[in-house]
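Have a look at the structure below, then the notes.
Starting from 1, each residue takes its place in the sequence as its number. Note that ligands are numbered from 1 as they come in the structure, with each ligand's atoms numbered from 1 the same way.
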Amino acid sequence: MLRLITDFDGPIMDVSERYYRVYQFCLEKTRYPDQPVQQLSKAEFWQKKRSRIPEKQIALSSGLDEAQSQAFSQLRRQTVHTEPYFEYDSLIPGAIEALLKVQQAGVDLAVMTMRRVWELDYAFKKYNLERFFPENRCYCLSNDYVKTRDIEDKPLLMARALAELPPASNTWMVGDTEADITAAKKHSIQVMAVESGIRDRTQLELYHPDLIVQDLSSAVNLILKE
Ligand SMILES: [Mg+2]
């Protein structure tokens, strides 16, 4: 049996608009009333996220001072995973077609994400994604989980998945960050990184995934050709 474990944000969902709206909100909330700031364009902002520029640095390059940049990144952390902002997430083009294709090919499909249960449910309902991922193929965080860092939490999820899922002859992981690549490599799972998410090719290369592909569609085509 062939198995595909896919990350959610990056391969399936585009979170760039949510992150950008939160950036705008935090910039506005943090600046002093008469302080001029230089709001980044969405393209500039997302390019910085993709090259893994720290939030504090993004705040500084938007015109905030050192102390404000601390407050900015704290507010950002408190805001980015709150309900009103999830409505800005959208599907990555071609993701649904790719999921249909793997499903029709009889590949065992699982999702592995640092989203909490309610955050995953929100998108599942909005985009009718439950049809691809039954409950015993969903690996996410509980609503009360205390996050540390994705790069530490994700391998824990992977360990749980590998202990619980029935054995597969061949498993691929698809994800868009260093956390995905690290989780897969720690457990000797083959991993494809996608460029449709929050890291650019240069960042992905640093973690040596088996392959770097454009998006989930390309990943699925490669897996099915094997
Ligand atoms: Mg991701």
Side-chain angles (χ1 to χ4, degrees), residues 4-23 45-55 76-77 80-81 85-86 88-96 98-99 102 109-124 126-127 129 132-133 137-141 145 147-158 160-161 171-187 189-220 223:
L4 171 61
I5 302 175
T6 180
D7 175 31
F8 194 65
D9 295 324
I12 297 172
M13 295 301 294
D14 177 355
V15 301
S16 60
E17 187 62 22
R18 166 159 51 106
Y19 280 39
Y20 187 59
R21 299 279 179 143
V22 171
Y23 158 76
F45 167 78
W46 195 238
Q47 185 259 320
K48 285 185 191 294
K49 293 302 291 179
R50 286 179 40 89
S51 50
R52 220 181 160 192
I53 306 290
E55 288 298 330
R76 190 250 163 212
R77 216 173 313 123
V80 73
H81 299 294
Y85 286 96
F86 276 93
Y88 296 111
D89 290 350
S90 59
L91 285 168
I92 297 280
I96 295 288
L99 292 172
V102 261
L109 186 59
V111 65
M112 183 170 294
T113 173
M114 290 291 112
R115 280 192 184 219
R116 298 174 188 287
V117 171
W118 77 262
E119 296 167 347
L120 188 59
D121 262 10
Y122 180 97
F124 271 19
K126 184 165 177 187
Y127 295 104
L129 299 172
F132 300 113
F133 306 106
R137 291 295 183 276
C138 290
Y139 288 89
C140 63
L141 303 181
Y145 188 89
K147 287 189 200 184
T148 59
R149 293 167 64 225
D150 284 3
I151 204 154
E152 281 145 31
D153 288 334
K154 203 133 196 182
L156 297 176
L157 266 190
M158 182 62 92
R160 216 184 88 208
T171 301
W172 275 99
M173 167 82 188
V174 172
D176 70 324
T177 69
E178 55 285 347
D180 302 296
I181 302 170
T182 305
K185 293 205 140 207
K186 264 198 177 156
H187 296 279
I189 303 283
Q190 312 171 90
V191 57
M192 274 192 228
V194 290
E195 291 180 271
S196 56
I198 200 165
R199 296 290 182 259
D200 61 24
R201 195 173 185 96
T202 309
Q203 288 302 312
L204 296 171
E205 275 168 352
L206 295 174
Y207 292 84
H208 307 290
D210 294 286
L211 282 165
I212 301 177
V213 295
Q214 198 192 323
D215 54 17
L216 186 64
S217 302
S218 320
V220 164
I223 289 167

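- Using cut-offs of 30° and 60° for the angle between ring planes, the Tyr20 and Phe45 rings count as tilted.
- Excluding water, every protein N/O/S atom under 2.8 Å from the Mg ion (ligand 1) is given here by residue and atom: Asp7 OD2, Asp9 O, Asp176 OD1.
- With hydrogens and angles disregarded, a donor-acceptor distance shorter than 3.5 Å links the side chain of Lys154 to the backbone of Met112.
- Applying the ring pair (Phe, Tyr, Trp, His ring centres under 6.0 Å) criterion to Tyr207, with sequence neighbours excluded, gives no partner residue.
- Applying the ring pair (Phe, Tyr, Trp, His ring centres under 6.0 Å) criterion to Phe133, with sequence neighbours excluded, gives Phe124.
- A salt bridge does not link Glu55 with Arg77: every distance from a Lys NZ or Arg NE/NH1/NH2 to an Asp or Glu carboxylate oxygen is 4.0 Å or more.
- Residues in residues 110-121 take part in these side-chain hydrogen bond (donor to acceptor under 3.5 Å, both in side chains) pairs, two or more places apart or across chains: Asp9-Arg115, Asp89-Arg115.
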